[in-house]
Amino acid sequence: MVVKLQDLDLSAKRVLIRQDLNVPISDGRIRSDSRILASIPTIKTVLEAGAGVILMSHLGRPVEGQPESAFSLAPVADYLSSALDQNVALVKDYLEVIPVVDPGQVVLLENVRFNLGEKANDETLAKRYASFCDVFVMDAFGTAHRAQASTHGVARFSASACAGPLLTMELDALSRALEKPASPTVAVVGGAKVSTKLNVLETLSQRVDVLVPGGGIANTFIAALGFSVGRSLYEPDLVDAAKKLIENTDSGAAQIALPQDVKVAREFDQGAPALVREISKVQQEDFILDVGPKTAESYAKLMHSAGTVVWNGPVGVFEFENFGAGTRALGQAIAESNAFSLAGGGDTLAAVEQYQLAENISYISTGGGAFLEFLEGKELPAVAVLNRVG
Ligand code: 3PG
């Protein structure tokens with residue numbers, strides 16, 4: 001049994017919270033604050049319970065032992081200071097001096113991936129983190145698939161360790177979609193390559209009623225049906241795996257919903273005009289960049305009649321204005337549907353933001369890789385360790 005934050009008395013305690021504050025930053029500016037916004041309720045809960053708060057997170061993938069300002073959490077500390085309306089100091093020397101927080105105070109530790117041994121889950125480093133607190137709270141769902149010193153080792157060595165509310169909420173939403181779903185269940189798995197999502201496709205095909213491959217992934221399935229995909233992105237080595245998934249339908253696995261028509265461009269270019277083609281009519285020079293209107297309509301019907309929808313990945317190159325209609329129609333249909341809908345993954349969230357769908361999607365996960373690993377049915381090590389130490 002995982003101990004939850006609300007089960008613990010936090011009054012006057014030093015509480016160390018691992019969050020996923022890995023947000024896109026360029027030129028010192030935060031480009032998407034959704035992960036920070038999702039983390040704030042936990043900080044407030046812990047402060048209201050009378051504790052002092054130490055936050056820790058990674059940012060990007062710096063080389064360990066070589067702190068670089070481009071990977072500093074300084075912009076996040078500034079953001080939190082204004083969001084919480086109190087100073088959130090960025091602490092850099094925590095490997096030398098134990099950070100001190102009084103009840104009501106919040107500090108943020110500089111990027112844990114600057115520390116040698118973080119990724120290797122080094123015991124000495126994990127014990128160091130554990131020494132900062134009375135209670136360790138794992139709330140970084142987006143990093144729960146990493147067994148690292150700040151996500152896993154620290155839980156083993158802390159006086160007390162528990163799951164934070166964001167982590168709990170994410171796991172509950174994923175379980176609701178995958179373990180006890182309302183039927184019929186539909187999963188959309190879009191994106192560039194089958195190879196990066198083959199396990200997800202295979203696992204979901206055993207769990208849902210209809211599987212919708214999208215984007216470059218759908219191209220490999222179209223090739224598996226024997227049609228030309230022209231110059232489109234697809235993976236010849238995975239055509240057999242796609243065929244197997246299509247054929248598995250006969251033995252009770254998910255029905256695979258493939259496009260009937262597509263939108264193609266003659267050049268892979270932002271401003272290229274879109275031409276609609278039946279999937280049997282794609283020409284040698286064509287790039288498939290979106291689904292066609294008939295397909296978009298059939299996706300919409302599917303979403304409207306679904307009981308549960310899991311959405312990971314766009315169905316077209318929606319960054320190009322002429323090729324966003326399929327992803328927009330799909331997203332809008334998911335948002336309009338009465339189904340319990342769950343969306344996750346970086347590109348999916350960008351589409352949700354672009355088409356302003358967030359309000360009508362039942363749950364939007366903060367996880368990228370963690371979301372996919374959960375969909376694959378893998379155990380998340382930073383959650384599993386809480387079961388053991390709880
Ligand atoms: C993510 O963005 O998916 C998480 O923050 C994990 O980051 P990582 O893939 O660099 O471990």
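Read the numbers this way: they start at 1 and go in the same order the structure lists the ligands and their atoms.
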Quiz item: Quick one: do Glu202 and Lys244 make a salt bridge, cutoff under 4.0 Å?
Solution: no
Quiz item: Below 4.0 angstrom, N of the basic side chain to O of the carboxylate: do Asp139 and Arg18 qualify?
Solution: no
Exercise. Establish, yes or no, whether the cationic atom of Arg266 lies under 6.0 Å from the six-membered ring centre of Phe287 and within 45° of the ring axis.
Key: no
Quiz item: Under 6.0 Å between ring centres, would you say that holds for Phe268 and Phe320?
Solution: yes
In a simple table, one pair per line, please give the protein and ligand 1 atom names for every N or O pair closer than 3.5 Å, along with the distance.
residue	atom	partner	partner atom	Å
ligand 1	2 (O)	Asn22	ND2	3.2
ligand 1	2 (O)	Arg35	NH1	3.0
ligand 1	2 (O)	Arg35	NH2	3.3
ligand 1	5 (O)	Asp20	OD1	3.3
ligand 1	5 (O)	Asp20	OD2	2.8
ligand 1	5 (O)	Asn22	ND2	2.9
ligand 1	5 (O)	Arg35	NH1	3.3
ligand 1	5 (O)	His58	NE2	3.0
ligand 1	7 (O)	His58	NE2	3.3
ligand 1	9 (O)	Arg61	NH2	2.6
ligand 1	9 (O)	Arg146	NH2	2.7
ligand 1	10 (O)	Arg61	NE	2.8
ligand 1	10 (O)	Arg61	NH2	3.4
ligand 1	10 (O)	Arg113	NH1	2.9
ligand 1	11 (O)	Arg113	NH2	2.8
ligand 1	11 (O)	Arg146	NE	2.6
ligand 1	11 (O)	Arg146	NH2	3.3

Quiz item: Under the 6.0 Å and 45° cation-pi test, does Lys263 pair with Phe323?
Solution: no
Practice problem: Measure the acute angle between the ring planes of Phe132 and Tyr94, then classify it against the limits of 30° and 60° as parallel, tilted or perpendicular. | Solution: perpendicular
